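What follows is one structure encoded as structure tokens, with my remarks underneath.
Given the structure is predicted, the values throughout are model-derived calculations rather than measurements. Counting starts at 1 for both ligands and their atoms, in listed order.
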Amino acid sequence: MSKKLALYIFAGLILGAIVGLIFPSFGVAIQPIGKIFLNLIEMVVIPLVFSTLVVGASGIADLKRMGRIGLKTIIWFEVITTIILVIGLLLANLFHPGTGVQLQHAHVGDYSAAKGQKIDIVSMLVNIPPSNVFQALSSDSMLSIVFFATMLGLAVATVAGDAGKSVIRFFEGISQATFTLIRWVMHTAPIGVFALSAYAAGKYGVQVFLPLAKVIGVTYLGLAIVIFVLFPLVCRFILHVPFFKVFWGIMDLFLIAFSTTSSEAVMPQLISFAEEIGVPKAISSFVIPLGLSWNDDGTSLYLSVAAMFVAQMGGLHLSIGQEVTMILMLILTSKGMAGVPMAGFVVLLTTATAVGLPLQGVALLAAIDRVLDMARTAVNVIGHPVAAIAVAKWEKEFDERKLRAYFERRRGAEPSASGTSVS
Ligand code: ASP
């Protein structure tokens, strides 16, 4: 999302709020415009998830080729992102950013697991493989869709020659096209958000916007915990490298990511930085590109806070079991993400649809996504070299001498090979 569009969407939020407060009945009357916007974003979800997963899973064949390193990489990614998802969940439970104003009366029925019934893990598992793929697609059964798309992707990867490649290319095309669709739809967001905001203000008053300020605060707090507590602890006690020195070495990339909201933009520099501090090329050029879609630490934190926020805004009180289901869903849906602006928001959208959370809260988050995206992208960028160091150490291939030499050079304030400033 360009800065200009982000600004327009934010303006839509503010103007909508003002109009809704001054003319509440007009605000309520334009709700259908907001609904059209919600439908437009929902429209893209299933083709997007399906095609991205097929393509993502077909690439897992590369992982197999990488063998042991691939496995260690995935284990590291999963453990660290799951810890971060849980931190987000705890913070959202502690601070309740979305509680207080209920955007709509709880459609408890929407959220199947909230119907009062206990989560039955057995029947949940039994129903994951869909007996009818088309039925799963038409009924938004996201777990079944994820399952089938993943299996299909794995199977396609085994199809030799042109036949397999053309299927993958087809889904790549669909995936790119759906991303374009999302971008187009986002151009209608200023109007959609204006209408939703006017409706919310007209119906519930100004206090409806307090949660947005709270969700920004809670997300930034969570990201600060990741940078100032989690990473330093992991680096000190598990990896035995000085985290803040490493962090300082990529401060310029951190700031670029913060201002562009695209971690892809700094990927090449991240790879050469990791090499410069002692990660072998084979590991850095594998772990970092893969990490762009599998190891987004900042985005993971955002996702669990935001998903809880959306549930809270919808008036749903999730049990521990339901929150765990949501985390499992986030673990799945966040795979295949891209290091591009707003990718995390799209993942939130798919997850909210998957677990049946009301989408009004998601639409309001679109209005402030730029602010959240800046911080989560910057944290994503720090997570990549940390992961590369972890895998290299685990493989006993980390070159401590290079790390020491790097610090020496920095002390002497020589420019680094990655182009990162060393002041
Ligand atoms: N913008 C983020 C990145 O580039 C992804 C996201 O939207 O969370 O890493």
Side-chain angles (χ1 to χ4, degrees), residues 1-3 5-6 9-10 41 44-45 48-49 52 56 77 80-81 84-85 87-88 175-176 178-183 185-186 189 215-216 218-220 222-223 226-227 231 250 252-271 273-274 287-310 329-352 362-388:
M1 180 162 51
S2 70
K3 270 193 199 139
L5 180 58
I9 299 179
F10 190 66
I41 40 183
V44 191
V45 169
L48 178 76
V49 174
T52 322
F77 287 173
I80 207 87
T81 50
I84 294 174
L85 284 169
I87 294 177
S175 164
Q176 282 167 20
T178 45
F179 266 104
T180 304
L181 266 180
I182 288 263
R183 268 205 305 280
V185 169
M186 285 320 290
V215 81
I216 294 176
V218 174
T219 308
Y220 271 67
L223 293 172
V226 172
I227 298 186
F231 283 160
I250 50 165
D252 52 353
L253 305 183
F254 178 83
L255 293 176
I256 293 173
F258 189 80
S259 50
T260 59
T261 67
S262 165
S263 47
E264 225 163 70
V266 296
M267 185 178 72
Q269 295 98 306
L270 279 176
I271 295 177
F273 172 76
V287 174
I288 293 178
L290 189 68
L292 277 194
S293 55
W294 282 58
N295 182 42
D296 293 296
D297 298 333
T299 304
S300 299
L301 190 282
Y302 154 80
L303 283 172
S304 55
V305 172
M308 285 299 294
F309 167 84
V310 172
M329 204 62 211
L330 285 172
I331 290 174
L332 280 177
T333 48
S334 61
K335 299 296 166 285
M337 231 199 43
V340 295
M342 262 198 125
F345 175 76
V346 176
V347 172
L348 174 72
L349 187 64
T350 52
T351 313
V362 182
L364 283 182
L365 280 179
I368 52 161
D369 191 60
R370 182 86 192 182
V371 181
L372 299 174
D373 200 358
M374 289 162 82
R376 66 180 188 248
T377 307
V379 174
N380 287 347
V381 160
I382 310 175
H384 297 315
V386 172

Report task. Carefully, step by step, assess Val347 and Tyr302 under the rule side-chain contact (heavy atoms from CB on, under 4.5 Å). Result -> CA-CA 11 Å; Val347 172; Tyr302 154 80; over 6 Å; no
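- Nearest heavy-atom pair across Asp297 and Gly383 is OD2-CA, 3.2 Å.
- Asn380 and Thr299 share a side-chain donor-acceptor pair at under 3.5 Å.
- Under 3.5 Å, the side chains of Asp373 and Thr377 contain a donor-acceptor pair of N or O atoms.
- The single protein non-hydrogen atom nearest to atom 1 (N) of ligand 1 is Asp373 OD1, 2.7 Å, given as residue, atom name and distance.
- Around the OH atom of Tyr220, the shell of radius 6.0 Å holds more than 12 heavy atoms that belong to other residues, nucleotides or ligands.
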**Report entry** Verdict with supporting geometry, Val379 and Leu301, side-chain contact (heavy atoms from CB on, under 4.5 Å)
**Finding:** CA-CA 10 Å; Val379 174; Leu301 190 282; over 6 Å; no
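- At a heavy-atom distance under 4.0 Å, only backbone atoms of Met342 (N, CA, C or O) approach ligand 1.
- Residue Ser262 has at least one heavy-atom neighbour below 4.0 Å for each of these atoms of ligand 1: 4 (O).
- Near Thr299, with a cut-off below 4.0 Å to any heavy atom, the atoms of ligand 1 are 5 (C), 6 (C), 8 (O).
- In terms of protein heavy-atom proximity, atom 8 (O) of ligand 1 is closest to Arg376 NE, 2.6 Å.
- Between Gly344 and ligand 1, an N or O atom pair is found at a separation short of 3.5 Å.
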Requested in this report: Go through His384 and Asp296 one step at a time and tell me if the side-chain contact (heavy atoms from CB on, under 4.5 Å) criterion holds.
Outcome: CA-CA 8 Å; His384 297 315; Asp296 293 296; 4.1 Å; yes
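- At the shortest separation from atom 5 (C) of ligand 1 among protein heavy atoms lies Val340 O, 3.5 Å.
- Among protein heavy atoms, atom 3 (C) of ligand 1 sits closest to Ser263 OG, 3.2 Å.
- Of all atoms in ligand 1, numbered sequentially from 1 with element shown, those under 4.0 Å from a heavy atom of Asn380 are 2 (C), 3 (C), 9 (O).
- Among all non-hydrogen protein atoms, the one lying nearest atom 2 (C) of ligand 1 is Thr377 OG1, 3.2 Å.
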